[in-house]
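Here's a structure for you.
No hydrogens, no waters, no symmetry mates; every other heavy atom, side chains included, goes into these values. Each ligand, and each atom within it, is numbered from 1 in the order the structure gives. When a residue number appears, it is its place in the shown sequence, counting from 1.
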Amino acid sequence: MRVPFLSFAPQHDPLREQILAAIAAVYDKQWYVLGDQVKAFEAAYADFNQVRHCVGVANGLDALHLSLVALNAGPGDEVLVPSNTYIATWLAISFVGATPVPVEPNPATYNIDPARLEAAITPRTKGIMPVHLYGQACEMGPIMEVARRHGLWVVEDNAQAQGATWQRSVTGSFGDVNGTSFYPGKNLGALGDAGAITTNDDALGGKIRTLRNYGSQKKYYNEVIGYNSRLDELQAAVLSVKLPHLMEWTQQRQAIAALYNQHLAGLGDLVLPTVARGATHVYHLYVVRTAHRDALQQHLQEQGIGTLIHYPVPPHRQQAYEHLGIREGVYPIAEALARTSLSLPMWPGMQGEEVAAVAAAVGGFFEGV
Ligand SMILES: *Cc1c(COP(=O)(O)O)cnc(C)c1O
């Protein structure tokens with residue numbers, strides 16, 4: 001059985017008529033940027049995310065960048081960031097001229113280790129950017145406590161974890177201002193690029209609303225040097241059709257992960273996902289680890305099973321960050337994760353037989369090791 005890494009069909013096919021009708025309504029209305037659709041989606045997503053404000057923006061990277069602009073982060077500032085994350089989190093820090101300071105993850109959960117934060121704080125440290133990696137909520141209690149003790153702001157990177165919780169509060173509701181992404185493959189995905197910030201802070205919410213639209217609230221009157229980063233009406237209309245189904249899709253992802261956990265238990269040196277006490281995991285990705293990662297990926301590919309590596313090179317070892325001069329071995333946990341992690345197929349609507357086929361192929365590989 002061939003199993004792709006990801007299929008949109010079970011999510012989109014049952015909603016096809018509704019999605020196309022929503023697109024047609026925008027087409028007919030002839031109002032394409034910052035209109036009723038964006039307003040309605042912002043209200044619905046703020047409600048879902050249990051925050052006062054949601055501001056739609058063009059993509060997840062912009063959501064993080066505008067968050068840092070709104071917090072006045074700039075040159076000379078240091079921002080604590082996971083050593084193992086998608087590069088977008090680091091790029092947002094670089095865009096404002098601040099310096100990313102890597103902090104190693106908990107090697108079991110892969111999320112930033114709250115116990116390592118304090119050692120990385122200097123007089124220049126201004127904030128922390130926790131990333132709810134692969135869909136698991138970070139330990140936000142201890143993180144917020146360190147932030148409060150040292151007067152730091154927090155910006156959550158919630159691109160992978162819409163609907164995850166830490167002690168029953170949803171990710172994207174803890175930080176001063178938080179960014180998320182609706183890139184198509186994310187748990188809530190648009191049919192193109194889209195993103196949002198979420199916040200309970202009226203002033204920061206208002207500032208980002210202005211920043212995303214040329215620094216202007218009143219057309220042709222510009223208060224600040226702003227950006228063009230707007231969520232468009234078409235994507236907002238599609239997202240509004242999909243949002244009511246997000247919790248049901250999340251439950252499907254969790255059921256698939258539970259099935260994987262059953263099938264894959266005890267195979268060779270394979271390490272399965274661990275969820276921290278107090279956190280929930282919405283399985284944007286189902287990531288396993290093995291010392292034989294590359295051979296396993298090759299084997300699965302030969303069996304027609306799609307996998308991906310998230311991520312093969314940690315940000316501090318990317319050419320883009322050569323100037324930081326961080327040698328190999330300084331962040332060994334992130335580097336070990338980059339060498340050993342493999343993401344198995346995962347999407348809402350994936351069938352039990354498909355999960356079993358992937359697991360059987362993984363099992364077959366470890367028989368030969
Ligand atoms: C996808 C992603 C982003 C960026 O989102 P885009 O919409 O692609 O700009 C940022 N951080 C993380 C962790 C992501 O997975």
Task: Any donor-acceptor N/O pair, Tyr286 side chain to Ile256 backbone, under 3.5 Å - done: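 Not at all, since once roles are kept as given, no pair shorter than 3.5 Å links the two residues.
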Open item on the list: Suppose we call two aromatic rings close when their centres sit under 6.0 Å apart. Are Tyr311 and Tyr86 close by that rule?
Closed with: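 So the answer is yes for these two rings.
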Task: Lys NZ or Arg CZ of Lys218 over Tyr221 ring: under 6.0 Å, within 45° - done: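 Yes, a cation-pi geometry.
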Task: Protein contact to atom 13 (C) of ligand 1 [nearest heavy atom, distance to 0.1 Å] - done: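 I find the closest protein heavy atom is Asp157 OD2, 3.4 Å.
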TODO: Give the atoms of ligand 1, by number and element, whose distance to some non-hydrogen atom of Asn59 is under 4.0 Å.
DONE: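 Reading through ligand 1 atom by atom, the close ones are 7 (O), 9 (O).
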TODO: Give the residue and atom name of whichever protein heavy atom lies nearest to atom 10 (C) of ligand 1, and the separation in Å to one decimal.
DONE: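 Nearest protein contact, heavy atoms only, for atom 10 (C) of ligand 1 is Ala88 CB, 3.3 Å.
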- [ ] Select one of side chain, backbone, both or neither to describe which atoms of Leu61 lie under 4.0 Å from any atom of ligand 1, heavy atoms only.
- [x]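 Answer for Leu61: both.
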Open item on the list: Within ligand 1, which atoms have a heavy atom of Val131 less than 4.0 Å away?
Closed with: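 The atoms of ligand 1 under 4.0 Å from a heavy atom of Val131 are 13 (C).
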Task: Within reach of ligand 1, part of Leu133 (heavy-atom separation under 4.0 Å) - done: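 Neither; no heavy atom under 4.0 Å.
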TODO: Taking the six-membered ring for Trp and the full ring for Phe, Tyr or His, determine whether the centres of His284 and Tyr134 are under 6.0 Å apart.
DONE: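 No, the ring centres sit 6.0 Å or more apart.
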Open item on the list: If we count only N and O atoms by modelled type, under 3.5 Å, do the side chains of Gln298 and Glu302 hold a donor and an acceptor together?
Closed with: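 Per modelled atom types, Gln298 and Glu302 side chains form a pair under 3.5 Å.
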Task: 4.0 Å heavy-atom contact, His132 with ligand 1 - done: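 His132: no contact with ligand 1 (<4.0 Å).
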- [ ] Give the residue, atom name and distance (to 0.1 Å) of the protein heavy atom nearest atom 2 (C) of ligand 1.
- [x]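 Going atom by atom, the protein heavy atom closest to atom 2 (C) of ligand 1 ends up being Lys186 NZ, 2.7 Å.
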Task: Lys242 side chain to Gln11 side chain, donor-acceptor N/O pair below 3.5 angstrom - done: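 There is such a pair (donor and acceptor under 3.5 Å, judged by atom type) between the side chains of Lys242 and Gln11.
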Open item on the list: Tell me if a side-chain donor or acceptor on Asn200 pairs with a main-chain N or O of Arg52 at a distance below 3.5 Å.
Closed with: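 Checking the backbone N and O of Arg52 against the side chain of Asn200, a donor-acceptor pair under 3.5 Å is found.
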TODO: Looking only at protein heavy atoms, identify the closest one to atom 15 (O) of ligand 1 and say how far it is in Å.
DONE: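 For this ligand atom, the closest protein heavy atom is Gln160 NE2, 2.8 Å.
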